[in-house]
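First the proteins, then the strands, lettered A, B, ... as listed; each starts at 1.
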2 protein chains.
Amino acid sequence: MRRPAKRVTSADVARAAGVSAATVSYVLNDTPGQSIPEETRRRVLEAVKQLDYRPRGSARALAAGRSDVVLLSIPHLSIGPGINRFVEQFATSLAHAGLTLVTHLAGAPGRPLPDVCAAIDASVVASLDPLDDDTAQALRRAGADLVFTTEVEAHPTMRRMGRLQAEHLIALGHRRLGYAMPDHPLLRKIADDRLLGVADACAHAGIDPPLALDTKLDTTALARAARRWRRESVTAVCAYNDEVAIALLTGMRHAKLAAPDDLAVIGADDIPLAQVTDPPLSTIAFDLEKVGRSLAEAVVASLSGRKPRLTPASLSPRVIHRAST
Amino acid sequence: MRRPAKRVTSADVARAAGVSAATVSYVLNDTPGQSIPEETRRRVLEAVKQLDYRPRGSARALAAGRSDVVLLSIPHLSIGPGINRFVEQFATSLAHAGLTLVTHLAGAPGRPLPDVCAAIDASVVASLDPLDDDTAQALRRAGADLVFTTEVEAHPTMRRMGRLQAEHLIALGHRRLGYAMPDHPLLRKIADDRLLGVADACAHAGIDPPLALDTKLDTTALARAARRWRRESVTAVCAYNDEVAIALLTGMRHAKLAAPDDLAVIGADDIPLAQVTDPPLSTIAFDLEKVGRSLAEAVVASLSGRKPRLTPASLSPRVIHRAST
DNA sequence: GTGAAAGCGCTAACAT
DNA sequence: ATGTTAGCGCTTTCAC
């Protein structure tokens, strides 16, 4: 383990600018209650650029008692291609607030979240899925604030998406709906939310609750499910997401069933492939960037001591109508 | 900005165990050249567990001159669902070596990589795509070692995958191949590698080089491409990846072309949906976990001063033969 | 075998 | 308006 080469420190900058290290700190942090003349500030900034100085997070965190690092815990299942858009927006919004985002894939047999949090000395841990109590407590003891998407609009939005799926189908005249559940256990919670929304819409329309069937990503199994729905006079099915919907479309073709005439199908999440199925897949899109922005707000709020206000604003889920319904 | 509650420190552990902070450090780090009697070690570890003590990364990094944090930079494009498996394995292998992994989505308008690196004081930055010189230099000045997947087997493997696609098709009797390029510019580099592999196989078999066509995820465009290939007597096409292949299959259906008889199609990456297309998609799978393991080895090697040895071992790409060919 | 003490690079009181 | 100083929590030499 060789020691790494010497790095530029704030003392170097101070020397180059002909000021003290404290002044460098004041300038770089816009420390409130300090009046730095323009000229001094300029010289410091100049030296910073000249030397390509970057404050060391560890030293900053140690001295200040808190870092500007936010750790995002992502569940280790494939949440779909949209996740990137969310993370990107989250990172960008945090950056505006002077915060740095890094992410960690949860559930892996690697390091437990609290260890990672302690290792990078994160001030805030944001999580897409709720943490168990032990973890949450350990995190808090490690000095981190906790923020969850469930605290913003994600949770009700999932339900709203199911509702939109069903309402779309019902508006088209369908009176008996099916629901295609995903097989991955980790998807279960979201699926239950979405299914609830479908049930809401059915109840509201005064029709039977949806006939939910477990599915696998397997053509034969899906063909069987399709036949089963038909037998039970289901004329349209809401799929948990586009992936399940696409698989169902293929299963139907195997069962010699056509969409939307024999069975209408609607997906959710609007993945790129939904546009190139046969027939093109109707689906529900929603504003992932908005989740990122709201979550960042919650983080900033939590850091400034306020309880994050629960933005009741919606993620604008909306129906994308294509030929499959 | 309230100061966070007081956290457990190594001094607390020391007090609880009736030893000095130095001893705690020795025990926790298995410091070489220190012989701690079993009894003392036990007492320290006991106290650690009792207090749920976790060393603060920032203090450790500051004192030791290097952290145990590895930062992985992931390109901000959708690399496909396989990426999670890779990251997970990477994190796990690093954890075995006592290292902590966090990831950062590159290319976002958030923080530049060197800033993130400095903020968390990473010892190593691993990247899936090559970094530009300025970034690389800044990173090194920030005290980080650099490791790339291109240094392990990923690069030649991409080429090998193209080769396997083509060889499979050629073995089936095809003498004129097409190649479906992805439209996202960031995918270009990988696509070029894969296409090179296809060309290799063609040359080796003594047939014409592949007819590469740019594609979009659009049924009409893909239908047009399919007709074009047919006109040019292409009988089989290698798609950049499964997503493109799936879209092509739909385009073909629109053009009243059947796979594999009118045009055989083979994908790459073996995403879950490849099993549920109609017809099921032949594709190339490869061992993503192995990439994770090798990259972790490279990281450890780099940290111990050795130049990472380039594992020539292959990622075991292999053909998954299904009905689309 | 263990502890005391110096410092890592920075921030935040306190001086000036 | 800026410098001086005292730590933040840990590691690491050096004494004992």
Determine: side-chain N/O of B:Ser10 to OP1/OP2 of D:dC10, distance under 4.0 Å, yes or no.
yes
From CD1 of A:Ile120 across to C1' of D:dC10 the rounded distance in Å is 18 Å
Of the listed D:dC10, D:dT12, C:dG9, the closest approach to the A:Ala63 side chain comes from C:dG9
Residues in residues 17-24 of chain A with a heavy atom under 4.0 Å of DNA chain D, by number, are A:Gly18, A:Val19, A:Ser20, A:Ala22, A:Thr23
When rounded to whole Å, the CZ to P distance for the pair B:Arg7 and D:dG9 reads 8 Å
When rounded to whole Å, the CZ to P distance for the pair A:Arg60 and C:dC10 reads 9 Å
If only side-chain N and O atoms count, and only distance matters, is there a donor-acceptor pair under 3.5 Å linking B:Ser302 with B:Asp145?
yes
dist A:Leu71:CG -> A:Leu146:CG (nearest 0.5 Å) comes out at 10.0 Å
note: B:Arg56, atom CZ; D:dC10, atom C1'; distance rounded to Å ~ 10 Å
Ordered by number, residues from residues 26-48 of chain B within less than 4.0 Å of DNA chain C (heavy atoms) are B:Tyr26, B:Gln34, B:Ser35, B:Ile36, B:Pro37, B:Thr40
* Salt bridge check: are A:Asp30 and A:Arg41 linked by an N-O gap of less than 4.0 Å? -> yes
Residues at least two apart in sequence or cross-chain that pass side-chain hydrogen bond (donor to acceptor under 3.5 Å, both in side chains) with A:Asp132, listed by chain then number, are A:Thr135
From the list B:Val44, B:Asp12, B:Leu28, side-chain contact (heavy atoms from CB on, under 4.5 Å) with B:Tyr53 holds only for B:Leu28
- Item | Under-4.0 Å salt bridge between A:Lys189 and A:Asp193 | no
Rounded to whole Å, the CG-P distance (B:Leu62 to C:dG9) equals 7 Å
Practice task
Using the side chain to side chain contact (heavy atoms under 4.5 Å, CB included) rule, take B:Val19 and B:Val27 through it: C-alpha gap first, then chi angles, then the decisive distance, then the call.
Solution key: CA-CA 11 Å; B:Val19 298; B:Val27 170; over 6 Å; no
What does A:Thr9 touch in the nucleic acid at a heavy-atom separation under 4.0 angstrom: a base, only the sugar-phosphate, or nothing?
sugar-phosphate
Atom CG of B:Asp68 and atom C1' of D:dC10 are separated, to the nearest Å, by 13 Å
Result for side-chain contact (heavy atoms from CB on, under 4.5 Å) between A:Val124 and one of A:Asp68, A:Val147, A:Leu72 points to A:Val147
When rounded to whole Å, the CZ to C1' distance for the pair A:Arg66 and D:dG7 reads 18 Å
Handout entry: A:Gln89 side chain to A:Ser93 side chain, donor-acceptor N/O pair below 3.5 angstrom
Key = yes
